[in-house]
Protein chains: 2
Amino acid sequence: MTQLHPKATMTTGCSVERALNLIDGKWKIVILHKLLKGTLRFNELRRQIPAVTQRMLTNQLRELEADGLIIRTVYPEVPPRVEYSLSARGRSLEPVIMALKAWGDRNLSSPEVEAA
Amino acid sequence: MTQLHPKATMTTGCSVERALNLIDGKWKIVILHKLLKGTLRFNELRRQIPAVTQRMLTNQLRELEADGLIIRTVYPEVPPRVEYSLSARGRSLEPVIMALKAWGDRNLSSPEVEAA
DNA sequence: CATCACGGTATCCTTTTCGACACTATGTGC
DNA sequence: GCACATAGTGTCGAAAAGGATACCGTGATG
């Protein structure tokens, strides 16, 4: 409540511009996409997105959490268990993510086709 | 033909990741969004997106052109006239852009609501 | 006792991004 | 003659993003 949106404080530009501010960063959409299929633990995400480094993953997850798009649940166990899941707001991005994925599938899935 | 995708050469990750590679950059989606409404000249774009600098706008437009998302038409007149319009590929991003805009409108248009 | 897994931090460093500013050529208007 | 508009380019430098690596505490495992 006290300060929900570190990145969403801008008021300039159209809603497109402001929305982009929430999902910039190389990995955010990818993370959200993975979480669409269900809750994942930190290292499960790491394994699903091999190209992301630990620091980056932490970083992006913290920003997503700060923006209210995901929920971070810490289980005070040993070894520690931390689960990430989409918030309602995060889940509401599903149409965007799926539209992007559909576009990627249509336009990028077979590069040799467009080279032909 | 010879080398269409400077940014699309990556093959790693899912289609979502690869699609993101084409539309990263702060302004690309915004530019595409403006162009959805019709052809625009360079300075018209600048005026519609006041926050972008001239160098950045040029830069992003060149990348969009190189990725085959927009078409740049130069009219050899004086003063020079250059028009930018969406290619078919660029226009195919419309669902993504509109989904993002819809989301932004729903989630970001009135920040005070979510603070309540 | 050493190692591993978990979920991170902290630090350093390189790369990329991006803004500010100056500059270009040409024709028109003042 | 000077400024303005068009559509940029070039250079500089600051800032941010992002990668590599090392480290943390704990409990189980070997």
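Numbered from 1 within each chain, the chains take letters A, B, ... in sequence-line order. Quantities reported herein were computed from a predicted structural model and do not represent experimental measurements.
- One finds no salt bridge joining A:Arg46 and A:Glu44 here, because no Lys/Arg side-chain nitrogen approaches an Asp/Glu carboxylate oxygen to under 4.0 Å.
- Going from atom CG of B:Asn59 over to atom P of C:dC18 covers 8 Å, rounded to whole Å.
- Computed from coordinates, the B:Met56 CE to D:dC12 P distance equals 17 Å when rounded to whole Å.
- For A:Asp24 and C:dC18, the CG to C1' distance is 13 Å, given to the nearest whole Å.
- Taking atom CD on B:Glu77 and atom C1' on C:dA25, their separation rounds to 15 Å, with Å as the unit.
- What separates CG of A:Asn21 from P of C:dC18 is a distance of 11 Å, to the nearest Å.
- Atom CZ in B:Arg47 sits about 9 Å away from atom P in D:dA5, given to the nearest Å.
- When the options B:Ile49, B:Ile31, B:Val52, B:Leu32 are evaluated for a side chain to side chain contact (heavy atoms under 4.5 Å, CB included) with B:Gln60, the one that passes is B:Ile31.
- Taking both residues in full, the closest heavy atoms of A:Ser15 and B:Gly104 are given as CB-C, 3.8 Å, listed atom of the first, atom of the second, then distance.
- Counting heavy atoms from C-beta on, the side chains of B:Pro80 and B:Tyr75 never come closer than 4.5 Å.
- Per the geometry, CD belonging to B:Glu63 stands 12 Å off C1' belonging to C:dC18, to the nearest Å.
- Where B:Pro79 and B:Gln60 each meet DNA chain C at their nearest nucleotide, the meeting point lying more 5' is that of B:Gln60.
- For the pair A:Phe42 and A:Leu61, the minimum side-chain heavy-atom distance is below 4.5 Å.
- Whole-Å rounding puts the B:Ile70 CD1 to D:dA7 P distance at 14 Å.
- Atoms CD and CG, from A:Gln54 and A:Asn43 in turn, are 7.0 Å apart once rounded to the nearest 0.5 Å.
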Within the 4.0 Å limit for protein heavy atoms, which parts of nucleotides 7-16 of chain C are touched? Write it as a string from 5' to 3', B for base, S for sugar-phosphate only, - for none.
BBBBB-----
